[in-house]
Amino acid sequence: MLGLGEDRLRADMNRLLALLFHQGVLDEQFLQLQQLQDESSPNFVSEVVNIYFHESEKLLMNLRTLLMDKEFSGYKKIGIHLNQMMGSSSSIGAKRLANVCVAFRTASQLNNRPGCLRALELLEHEYCYLKNKLHELFQLEQQRILAAGVRYPRQM
């Protein structure tokens, strides 16, 4: 007999996903990514998302470094980094983060340094929120998998 823990954890995962969709943090691309996961690659989604986080942290650091230069004039470089961030965010279904990239790119196209700095702050905030929530989701999933493997003795 499966424990109630697995059902509770599955419900918690579904509630968290529903919240992230309702908030516009994720879109249907994330669901498509989940559909690619199966028994042969049970950690597919978390592995793809962890690669995304690793690469995104480098991009965020590059953006911050560029904008902190007092003699900054590399708006074109910012656009290149933002296009990478926007593409990878879209590919994992990080809708809100991709939308912030669009606003950031607009500020960079206008050579608006204060606007770029505000957009970078928002991008970093959204990135941290996404990372924390997906980490929470993956923890719930691991707990659910463990709970599914536990068999409880029948009560007589």
Side-chain angles (χ1 to χ4, degrees), residues 1-68 77-108 116 118-156:
M1 170 166 101
L2 290 180
L4 294 176
E6 181 187 4
D7 292 337
R8 183 186 54 80
L9 290 164
R10 187 181 304 280
D12 289 347
M13 287 174 60
N14 289 337
R15 275 192 291 278
L16 179 55
L17 274 174
L19 173 70
L20 295 175
F21 278 93
H22 178 73
Q23 292 175 334
V25 173
L26 296 176
D27 64 17
E28 64 281 345
Q29 184 64 34
F30 187 79
L31 295 176
Q32 290 177 10
L33 190 64
Q34 285 184 313
Q35 290 173 353
L36 297 174
Q37 184 166 294
D38 59 21
E39 286 97 29
S40 67
S41 56
N43 298 318
F44 178 76
V45 175
S46 63
E47 289 170 4
V48 168
V49 169
N50 283 327
I51 291 168
Y52 164 79
F53 286 139
H54 179 73
E55 294 302 314
S56 294
E57 285 177 20
K58 287 193 258 182
L59 290 170
L60 287 168
M61 188 174 62
N62 290 341
L63 288 166
R64 179 155 293 286
T65 300
L66 282 169
L67 283 168
M68 291 301 117
K77 283 184 183 178
I78 284 181
I80 292 168
H81 292 310
L82 286 172
N83 285 340
Q84 290 175 321
M85 185 89 168
M86 192 168 27
S88 58
S89 296
S90 294
S91 72
I92 68 157
K95 179 182 176 181
R96 209 159 74 183
L97 218 132
N99 289 342
V100 172
C101 288
V102 171
F104 194 159
R105 189 175 59 190
T106 300
S108 74
C116 286
R118 283 190 303 275
L120 177 61
E121 292 294 323
L122 183 56
L123 188 63
E124 290 172 333
H125 171 79
E126 289 297 332
Y127 171 81
C128 287
Y129 184 77
L130 176 70
K131 187 173 183 178
N132 289 335
K133 291 302 180 184
L134 289 182
H135 179 70
E136 182 181 341
L137 180 69
F138 296 146
Q139 281 185 321
L140 287 169
E141 183 175 29
Q142 288 303 310
Q143 290 171 9
R144 184 193 60 75
I145 289 167
L146 290 173
V150 173
R151 303 275 185 222
Y152 296 94
R154 290 184 179 213
Q155 300 294 320
M156 301 229 184

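Note that these values count all heavy atoms, side chains included, but never hydrogens, waters or copies made by symmetry.
Closest of all the heavy-atom pairs between Leu9 and Ala147 is CD1-CB, 4.1 Å. Nearest heavy atom pair, residue Gln29 against residue Ser90, reads CG-O, 3.2 Å. For the pair Ser88 and Ser91, the tightest heavy-atom approach, listed with the atom from each and the gap, is O-OG, 2.8 Å.
Note: Phe53 and Tyr127 have perpendicular aromatic rings, judged against thresholds of 30 and 60 degrees for the angle between ring planes.
Atom CG in Asn14 sits 10.0 Å away from atom CG in Leu140 (nearest 0.5 Å). In this structure, the separation between CE on Met13 and CZ on Phe138 is 9.0 Å, given to the nearest 0.5 Å. Atom-to-atom distance recorded for Glu141:CD and Leu17:CG is 9.5 Å, nearest 0.5 angstrom. Separating the CG atom in Leu123 from the OG atom in Ser89 is a distance of 7.5 Å, to the nearest 0.5 Å. The distance from atom CD of Glu55 to atom CD of Gln84, rounded to the nearest 0.5 Å, is 8.5 Å. Between the CG atom in Leu59 and the OH atom in Tyr52 there is a gap of 9.0 Å [rounded to 0.5 Å].
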### Message
Let's go through Met68 and Arg64 carefully: what are the C-alpha distance in whole Å and the side-chain angles of both, what is the deciding distance for side-chain contact (heavy atoms from CB on, under 4.5 Å) to 0.1 Å, and is it a yes or a no?
### Response
CA-CA 6 Å; Met68 291 301 117; Arg64 179 155 293 286; 3.4 Å; yes
#### Entry: Derivation of the side-chain contact (heavy atoms from CB on, under 4.5 Å) call for Phe44 and Val49
CA-CA 9 Å; Phe44 178 76; Val49 169; over 6 Å; no
### Message
Let's go through Arg15 and Asp12 carefully: what are the C-alpha distance in whole Å and the side-chain angles of both, what is the deciding distance for salt bridge (Lys or Arg N to Asp or Glu O under 4.0 Å) to 0.1 Å, and is it a yes or a no?
### Response
CA-CA 5 Å; Arg15 275 192 291 278; Asp12 289 347; 2.4 Å; yes
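Remark: side-chain polar atoms of Arg10 are not paired, donor with acceptor, to backbone N or O of Arg144 under 3.5 angstrom. Between the Gln37 side chain and the Val45 main chain, a donor and an acceptor come within less than 3.5 Å of each other.
Between Lys95 and Glu126 there is no salt bridge, since none of the side-chain N atoms of the basic residue sits less than 4.0 Å from a carboxylate O of the acidic one. Look at Glu136 and Lys133 and you find a salt bridge, because one of the NZ, NE, NH1 or NH2 atoms lies within 4.0 Å of a carboxylate O, short of that distance.
Annotation: side chain of Leu63 is in contact with side chain of Leu82 (closest heavy-atom distance under 4.5 Å). Residues Phe104 and Ile78 are in side-chain contact: their nearest non-hydrogen atoms beyond the backbone lie under 4.5 Å apart. Side-chain contact between Gln142 and Asn43 is present, with heavy atoms from C-beta onward closer than 4.5 Å. Proximity of Leu26 to Leu130: side-chain heavy atoms (C-beta onward) are separated by under 4.5 Å at one or more points. Residues Leu134 and Phe30 meet the side-chain proximity criterion, which asks for heavy atoms closer than 4.5 Å.
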